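In what follows, every heavy atom counts, from backbone to side chain, and hydrogens, waters and symmetry copies are set aside. All values reported here derive from a predicted model rather than from experimental measurement. So that the names make sense, note that chain A is the first sequence line, chain B the second, and so on, each numbered from 1.
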Protein chains: 2
Amino acid sequence: MELPERKKRILKAIVESYINTAEPVGSKTLVNSFDTPISSATIRNEMSELEELGYLEKPHVSAGRIPSYAAYRLYVNELMERHRVAGDELEAMRLMMQAKMREMDNIMVSASKVLGEMTQHTTVSMISHTGGRRVKKCELIDVDGGFTYAVVLVTDSEVKNKMLRLSQPVEPATAAVLSTAINLALSERRLEYLLPSVQQSMGGSSAVYQMTSDILDFIRATEAGGKPEVYIDGAARLLDNREYQDTQRARELLEYFSDRSRVSELLVGEDGPNLVNVRIGPELQDPSMRDASLVFTSYQIDQNTRGIVGIIAPARMDYADVYAKLIAFTQAISGVTGQGMKRLKDAGESDERRD
Amino acid sequence: MELPERKKRILKAIVESYINTAEPVGSKTLVNSFDTPISSATIRNEMSELEELGYLEKPHVSAGRIPSYAAYRLYVNELMERHRVAGDELEAMRLMMQAKMREMDNIMVSASKVLGEMTQHTTVSMISHTGGRRVKKCELIDVDGGFTYAVVLVTDSEVKNKMLRLSQPVEPATAAVLSTAINLALSERRLEYLLPSVQQSMGGSSAVYQMTSDILDFIRATEAGGKPEVYIDGAARLLDNREYQDTQRARELLEYFSDRSRVSELLVGEDGPNLVNVRIGPELQDPSMRDASLVFTSYQIDQNTRGIVGIIAPARMDYADVYAKLIAFTQAISGVTGQGMKRLKDAGESDERRD
DNA sequence: CTTAGCACTCGGGAATATGGAGTGCTAAAA
DNA sequence: TTTTAGCACTCCATATTCCCGAGTGCTAAG
C-alpha cells in the first residue's frame with residue numbers, strides 16, 4: 001500500500017530535519033517546509049497517522065516525532081533525492097585517492113581514509129576474494145638459522161607469505177628441489193600426491209617432511225580464504241555524533257570494531273554488483289549496531305578481487321550525501337587503480353548504477 | 001632535598017587512594033591509613049606543605065587534594081612498592097601469549113592483546129630495528145602479466161615484499177640472472193656497481209634496467225628503515241576511565257592514536273635496555289597526552305629487532321600494578337618467542353631489572 | 001609539634017518552580 | 001470530507017533555591 005503523496009512529503013521533511021538537527025521534529029517547524037500552505041494541525045493529523053503506520057515515534061508526549069527505522073528505510077528507498085557530487089569535488093577525490101595510494105601502498109587503507117575525509121564518518125574497508133583463490137606458485141627462501149620463508153602467489157596480484165620455523169635446518173639444495181616439486185604439483189593441481197612422494201624420494205628426512213607438510217597446510221589455508229582483511233578508519237569520529245555522547249554506547253561500538261571478523265560479517269550479502277547497499281539499524285542483526293547504519297559498495301580491484309568500502313554512522317545519517325559520495329568514490333577510484341583496473345577498463349567501465 | 005618520612009607516607013597514601021577512587025582525598029580518610037595514630041589536623045598541616053612543595057593540588061577549597069604530576073613521578077621513583085605478579089599469573093600470561101602467537105602470527109599484535117587483557121588498559125606495540133637493517137637476500141618471483149614480485153629478506157627474521165610493476169614484461173630467465181646478480185652484489189655489499197653493470201651486460205634492455213633500478217630503490221628504502229610499525233589495541237578501554245567520560249577529551253586521544261607515526265614518537269628514547277620506562281603526563285611533551293601516562297618496556301625479538309610494548313592510561317593509573325605486569329610480560333614472552341629468542345637465551349637471560 | 005575545636009567555604013544533590021514546545025481533541029470553516 | 005483554529009493538557013528542560021556535608025585553615029590549648 002503506497003503512501004499518499006503528502007504523507008511522503010511530510011515524512012521526508014521530518015527525516016531530513018531530524019538528520020540535520022538530531023532533535024525531535026514538531027508540527028510547527030514543518031509548516032514552512034512546503035510551498036503549498038498547510039496548517040500545523042493538518043500536519044499533526046498526518047503525523048499521528050504516520051506514527052500508527054510505524055514511521056514515526058515520539059520520545060515523549062510533548063516532544064515532536066523522530067523517524068523510525070522503517071522511515072529511514074523508506075527514505076532511502078523512495079524519498080531521498082539522489083544527487084551527484086559536483087565535478088570538481090569528484091576531481092578532488094580522485095587526486096586525494098592518488099596521493100593516498102602513493103603514500104600508503106594499501107588500497108584498503110587509502111580507500112578508507114579518502115572516504116572518511118569526504119564524509120567525516122567512520123569508514124570500513126574490506127578486501128573480498130571472489131571465485132575462490134588459487135595458489136599459482138610457491139617460492140621457498142632459506143634464511144639463516146634453519147628457517148625457511150615461504151612466499152605464495154595467489155591468482156593474479158596477491159601475495160601471501162609466511163615464515164616457517166623448523167626444528168632442524170634444511171639444506172638450501174634440498175629446499176630448491178622441494179620448491180620445484182611443489183610448483184610442479186601446483187601446476188598439475190595434484191597436491192595430494194606431494195607428501196607421499198616427498199617421503200619416498202627424500203628418504204624420510206623428518207625435517208623435510210615436516211616442512212613440506214607445513215607448506216601444504218599453508219597453501220591449503222591460503223586457498224581456503226583465511227581471515228578477511230578489514231580496516232576501520234576514523235573510529236574516533238563516532239564520538240562527534242550526538243547519539244554517542246553516551247560513553248557506554250560509544251564504548252560498545254568501539255569495542256565491537258576491534259573484532260574485525262565480526263565487522264566483516266556486516267559486509268557480506270551485497271544486493272548486487274555496482275550497487276550502493278544500505279543497512280539500517282536493526283537490519284544489521286547485530287545488537288552492537290542496533291542504532292547505527294552501514295552504507296557500502298564495492299569496487300573491482302582485479303578480476304578476482306573486489307574491494308568493499310563503506311560508512312558506519314548513526315542511523316540518523318545523511319544518506320543522500322553518503323550515497324552520492326560513495327558513488328563518486330567508485331568513479332574516482334576507477335581512475336587510479338591503474339594497471340589493476342586494466343581488465344575492467346577493457347571491458348568498458350560503467351559509472352551508471354541503480355538501486 | 002629529600003622529603004621527610006612522614007610526608008612521604010602521606011603522599012603515598014594520597015596517591016594510592018586517588019588511584020583507586022579517582023576522588024580528591026581528604027585528611028580524614030587518611031587517618032586510618034597509618035599504624036601510628038595521627039590526627040587529621042596533623043595530616044592537614046602536612047598536606048598543606050605538600051601542596052606548597054608542588055605535590056598536591058586542590059580542585060577547590062573544600063574538596064580534598066589530588067596528586068600533581070610531580071607526585072606521580074615521585075611515587076613511581078620512590079614511593080611505590082614494586083611487587084611481582086604471582087607465579088601462577090605469570091604462567092597464565094605465558095599460556096595466553098602462546099595461544100595468541102599461534103592465533104595471530106604477529107608478535108606485535110599478540111603482545112598488545114595479552115598485555116591489554118592483563119591490565120585492562122589500552123596498549124601499544126612497536127617493532128624497533130636496532131643497529132640498522134641490512135638486506136641479506138632478494139628473491140624475484142615473476143607473476144603472470146609481466147609483473148615481478150620482489151621479496152627482500154632483512155637481517156634475520158624479517159621479510160619485506162613489494163610488487164614491482166613493469167611497463168614491459170621481463171623474461172623469467174632474465175629475471176633469474178638478475179636475481180643472482182643482485183644477491184651477489186648484496187653479499188659483497190657493492191650495490192652501487194650493480195646498475196652500471198646490468199646496463200652493460202644486459203645490452204640496455206630498458207625493461208630490465210628499469211626493474212633493476214626499482215629493486216635497488218626498494219632495497220635502499222628498506223634499509224633506510226621505513227615507517228615504524230605501531231599497533232594499538234583496546235583503545236575503547238580508554239572510555240572506561242573516569243577522566244575520559246568527557247567525550248571531547250576521549251575523542252582527542254582516539255584521534256591522536258590514529259596517527260601511528262606520532263604515537264611512535266612517544267616510544268623513542270628509552271632509559272635503557274631491560275628497563276620499565278614511565279612517562280607521566282606533561283613529560284610526554286604532547287598536548288594530546290597531557291593527562292595520560294605511558295609505561296613501556298622492550299623485549300628482544302632477535303639480534304637486531306626489539307619489540308616495544310606499553311600501556312597508555314590516565315596519569316591516575318595503578319603504576320605498581322602495571323609495572324609488575326610489564327615485567328612479568330617480558331618474562332612470559334621470553335618463554336614463547338622460541339627460536340627467535342635462541343641467542344638471547346644462550347647469552348643467559350636475565351629477569352632482574354632496575355629502574 | 002600535635003591536636004581539638006570551630007568558623008568558613010563551596011560543590012553538588014534534592015526539591016521546587018516555570019516556561020514553552022508540542023500534542024490531541026473538538027468544533028467550526030472550507 | 002478535509003482542513004484549520006483554538007484550547008486544554010502533558011511533560012521535558014532549565015533555572016533557582018536550598019541545604020547538607022565534606023573539607024579546609026586557623027587558633028589556642030595540650
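For dT24(D), one of the phosphate oxygens OP1 or OP2 lies less than 4.0 angstrom from a side-chain nitrogen or oxygen of R65(B). OP1 or OP2 of dT3(C) has at least one side-chain nitrogen or oxygen of T42(B) nearer than 4.0 Å.
Taking 4.0 Å as the cut-off between side-chain N and carboxylate O, R73(A) and E283(A) count as a salt-bridged pair.
With rounding to whole Å, E49(B) atom CD is found 9 Å from dC1(C) atom P. Between the CG atom of L56(A) and the P atom of dT23(C) there is a distance of 10 Å, rounded to whole Å. Separating the CD atom of E23(A) from the C1' atom of dA21(C) is a distance of 11 Å, rounded to the nearest angstrom.
When distances are taken from the side chain of V61(A) to each of dC26(D), dT2(C), dC11(D), the shortest belongs to dC11(D). With dG24(C), dA4(C), dA5(D) as the choices, the nucleotide that has an atom nearest any side-chain atom of A41(B) turns out to be dA4(C). The nucleotide whose nearest atom lies closest to any side-chain atom of S27(A) is, among dT9(C), dT24(D), dT23(C), dT23(C). Of all nucleotides listed (dT4(D), dA21(C), dT3(C)), dT3(C) comes nearest to the side chain of S39(B). In the set dT3(C), dT4(D), dC10(C), the nucleotide with an atom closest to the side chain of H60(B) is dC10(C).
Map G64(B) and A63(A) each onto its nearest nucleotide of DNA chain D; the residue landing nearer the 5' end is A63(A). Between R6(B) and R44(B), the residue anchored closer to the 5' end of DNA chain C is R6(B), taking for each the nucleotide with the nearest heavy atom.
The nearest pair of heavy atoms linking K28(A) to S40(A) is CG-CB, 4.2 Å.
Residue-level contact check: S40(B) touches neither bases nor backbone, having no heavy atom under 4.0 Å from any strand. As judged by a 4.0 angstrom heavy-atom cut-off over every strand, K58(A) is placed among residues touching the sugar-phosphate backbone only.
Here the straight-line distance linking atom CG of D246(A) with atom CG of L239(B) works out to 10.0 Å at 0.5 Å rounding.
A cation-pi arrangement is absent between R279(B) and F296(B), since the terminal nitrogen or guanidinium carbon is not both under 6.0 Å from the aromatic centre and inside a 45° cone about the axis.
With no hydrogens or angles considered, no side-chain donor-acceptor pair links Y72(B) and N77(B) at under 3.5 Å.
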